[in-house]
**Q** 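First, the structure itself, so that you have it in front of you.
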Amino acid sequence: MTEGVPNMDKKDKKDNKDLVTLEIPARPEFLGLVRAVVAAAANVESDFRDDRDEDLRLAVSEATTNAIEAHQLIGLDNRISVQAAMSDDRIEVVVRDQGPGFDPAALEAMPEPGTPERLFFENGLGIPLMRELADESDISSSSDGTTVRLVIYTRRYL
Amino acid sequence: MTEGVPNMDKKDKKDNKDLVTLEIPARPEFLGLVRAVVAAAANVESDFRDDRDEDLRLAVSEATTNAIEAHQLIGLDNRISVQAAMSDDRIEVVVRDQGPGFDPAALEAMPEPGTPERLFFENGLGIPLMRELADESDISSSSDGTTVRLVIYTRRYL
Amino acid sequence: MDLGLMIERRPPMLVLSIGGDLEMSSVPQFRDAVIDAISAGEHHLVVDLSATDFIDSTGLGALIGALKRLRSADGSLQVACAQPRLQELFKLTDLDKVFVLHQSVEEVVAAGIPNSSKRSEWL
Amino acid sequence: MDLGLMIERRPPMLVLSIGGDLEMSSVPQFRDAVIDAISAGEHHLVVDLSATDFIDSTGLGALIGALKRLRSADGSLQVACAQPRLQELFKLTDLDKVFVLHQSVEEVVAAGIPNSSKRSEWL
Ligand SMILES: Nc1ncnc2c1ncn2[C@@H]1O[C@H](COP(=O)(O)OP(=O)(O)O)[C@@H](O)[C@H]1O
Ligand SMILES: Nc1ncnc2c1ncn2[C@@H]1O[C@H](COP(=O)(O)OP(=O)(O)O)[C@@H](O)[C@H]1O
């Protein structure tokens with residue numbers, strides 16, 4: 001049930017200079033705040049291209065939306081944590097929730113676009129999109145919660 | 001050395017629904033992020049008047065500037081924490097540092113404006129200004145650090 | 001976040017312009033607007049994303065939901081979106097194959113209600 | 001944060017316009033600009049706050065510092081600031097008694113270099 005193990009705590013201890021942590025109530029009203037914070041944090045000392053700012057905002061918003069949904073699903077009042085670690089050429093964002101967890105490997109594949117079945121899928125777009133936008137992404141999930149780690153570079157190298 | 005005892009931890013336990021916490025490196029480059037976060041947090045569910053947004057941004061910026069200076073003074077790498085608790089008609093912001101502390105009661109009074117002495121005071125404007133802008137303000141300081149609590153209402157009642 | 005919704009009658013169509021963010025916090029308002037339109041007899045909607053600030057997978061999901069609702073009422077949903085960034089987002093999620101993206105509301109209005117095309121057979 | 005500094009010669013004055021934020025992170029850049037101006041022989045500065053986004057006590061302190069530097073070089077510092085919010089800030093800190101706030105750079109330029117007034121005796 002683990003796809004890569006994000007480990008920012010260790011890094012945190014070695015070098016806590018460019019680390020911004022945000023905790024928000026698990027409510028969708030705070031999504032815009034999360035987007036604003038990661039975009040601002042990214043650009044404090046580096047210069048992210050506009051398209052990368054947008055990739056960052058969207059990828060982090062997807063991860064945070066899922067975290068909020070996870071808490072709401074089990075009626076958990078705890079807050080969601082978003083941590084951003086900045087270095088010259090990238091930002092690494094870790095979104096943590098204490099929801100019920102899930103198995104990322106077992107997510108249903110989407111039906112082909114342009115088929116009638118596709119129309120029944122109003123959901124399930126978030127994680128594929130997040131993975132597409134981020135240069136690196138790991139999801140680590142257990143019954144204690146889920147941690148999503150996303151890395152976005154200042155420029156698109158692909 | 002204590003002027004009122006901020007106690008948000010207790011409140012935190014009772015009702016953590018509208019609490020936003022931000023931790024930033026103790027560097028001035030992050031001041032703008034703090035201002036943006038408190039202004040955005042304030043307006044997530046309440047409607048602060050423009051002048052109150054400005055009061056909030058400035059008062060919190062003053063407290064955070066002092067916190068950053070306090071860490072820099074003793075070469076402390078730890079981060080500064082800014083906590084915002086929102087309710088219908090107000091926002092309560094607590095800025096915490098782990099700097100050397102000071103005695104707020106012993107701050108030198110400023111010379112009269114319009115006197116030659118005044119010109120020698122490039123400093124010492126921050127705390128009086130912060131107290132003037134906030135509807136409530138407490139500073140609690142010890143050798144373990146300083147906690148500043150500021151309350152701003154959605155409207156000015158004075 | 002604010003949906004920034006503006007509604008304009010362009011008979012036989014109804015234009016919903018989104019000037020803010022279409023995401024988890026604003027999707028309920030968008031869904032209600034679609035339901036209200038359908039019950040008021042408006043079955044041909046145009047969603048105008050020209051001035052939209054932000055849209056995520058929840059917002060895209062809401063567009064799919066609206067399309068389903070309108071199809072089952074024999075209606076249509078068309079999208080006006082000239083922002084390259086948002087066009088790319090539709091492509092990334094393969095939704096450019098579900099929605100035809102028009103350059104502007106005027107383009108949609110000029111073209112009129114879509115014929116039952118090849119696409120509409122299975123959508 | 002960005003100071004957003006623009007420098008314009010308006011002989012015999014030099015205008016420093018601040019289009020961004022004047023606070024702890026940008027004060028060093030402002031201070032350097034003042035020092036550079038003085039060593040280039042420009043002793044009559046106008047600080048234009050018309051487009052300034054944000055200024056705090058550290059920024060106000062830097063203005064006082066600049067005034068001190070210029071006075072000891074027999075120069076002058078004048079401030080153009082039509083924003084009511086910033087005018088209020090000068091009042092709150094009693095700095096409206098240290099600086100004369102002008103409505104615009106044009107107003108300062110038209111008035112010319114200030115005479116050694118009553119104020120200049122002790123400033
Ligand atoms: N943080 C999380 N905690 C628990 N379950 C999650 C989390 N993130 C994703 N999931 C599960 O994975 C599914 C797919 O997520 P996603 O691709 O974002 O689409 P959507 O959220 O629209 O369903 C979700 O429906 C949910 O069941
Ligand atoms: N958080 C703090 N930690 C330690 N000392 C502080 C703190 N806040 C204020 N002080 C002390 O109080 C003094 C006055 O602060 P202030 O009025 O903001 O003016 P300034 O910061 O410009 O000196 C500071 O110079 C500093 O010595």
Side-chain angles (χ1 to χ4, degrees), chain A residues 24-36 38-39 49-73 80 107 109-134 156 158, chain C residues 1-4 19-31 34 49 52-73 75-77 83-101 117-123:
Chain A
I24 54 149
R27 295 217 313 274
E29 289 78 7
F30 289 87
L31 279 169
L33 180 65
V34 172
R35 291 196 292 271
V38 292
R49 277 181 36 172
D50 283 356
D51 58 342
R52 299 315 339 254
D53 276 339
E54 289 303 318
D55 291 346
L56 172 66
R57 280 155 44 83
L58 184 44
V60 171
S61 200
E62 295 293 349
T64 310
T65 298
N66 285 340
I68 292 171
E69 282 171 348
H71 281 206
Q72 290 192 337
L73 194 68
I80 305 296
L107 288 180
M110 294 260 278
E112 277 295 291
T115 61
E117 294 76 35
R118 177 57 169 256
L119 265 189
F120 292 95
F121 276 70
E122 296 171 37
N123 303 316
L125 295 167
I127 290 179
L129 185 59
M130 186 184 88
R131 291 200 183 279
E132 186 78 28
L133 297 169
R156 219 173 254 178
L158 316 178
Chain C
M1 288 297 106
D2 197 18
L3 183 60
D21 296 342
L22 185 58
E23 39 97 295
M24 193 183 180
S25 70
S26 56
V27 152
Q29 193 196 340
F30 174 75
R31 195 184 297 126
V34 171
L49 303 177
T52 302
D53 275 337
F54 179 81
I55 177 166
D56 69 1
S57 70
T58 314
L60 294 172
L63 291 179
I64 300 176
L67 179 59
K68 276 160 63 176
R69 273 212 173 78
L70 288 158
R71 288 283 172 185
S72 54
S76 65
L77 179 80
Q83 297 191 56
R85 169 77 202 171
L86 294 188
Q87 289 172 347
E88 197 193 342
L89 184 58
F90 277 84
K91 241 181 237 154
L92 273 179
T93 51
D94 279 332
L95 290 180
D96 58 334
K97 287 157 195 147
V98 175
F99 297 99
V100 183
L101 298 185
S117 59
K118 209 180 94 223
R119 181 167 274 108
S120 72
E121 286 160 29
W122 42 259
L123 282 195

**Q** With no hydrogens and no angle check, is any side-chain donor or acceptor of Thr64(A) less than 3.5 Å from a backbone partner on Leu31(A)?
**A** no
**Q** Determine whether Asp56(C) and Glu62(A) make a side-chain contact, defined as any pair of heavy atoms from C-beta on separated by less than 4.5 Å.
**A** yes
**Q** What part of Glu54(A) is in contact with chain C, defined as an atom under 4.5 angstrom from a non-hydrogen atom: side chain, backbone, both or neither?
**A**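 Both backbone and side chain.
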**Q** Below 4.5 Å from any heavy atom of chain C, which atoms of Leu129(A) appear? Answer side chain, backbone, both or neither.
**A**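 Contact with chain C involves the side chain of Leu129(A) alone.
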**Q** Relative to chain C, which segment of Asn66(A) carries a heavy atom at a distance below 4.5 Å: side chain, backbone, both, or neither?
**A**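 Looking at Asn66(A), nothing touches chain C.
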**Q** Please flag which part of Leu63(C) lies under 4.5 Å from any non-hydrogen atom of chain A: side chain, backbone, both or neither.
**A**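 Neither part.
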**Q** Checking salt bridge (charged side-chain N to carboxylate O under 4.0 Å, His left out) between Arg156(A) and each of Asp53(A), Asp50(A), Asp55(A), which is the one that passes?
**A** Asp55(A)
**Q** Output, in order, the C-alpha distance, side-chain angles, deciding distance and verdict of side-chain contact (heavy atoms from CB on, under 4.5 Å) for Val34(A) and Ile80(A).
**A** CA-CA 10 Å; Val34(A) 172; Ile80(A) 305 296; over 6 Å; no
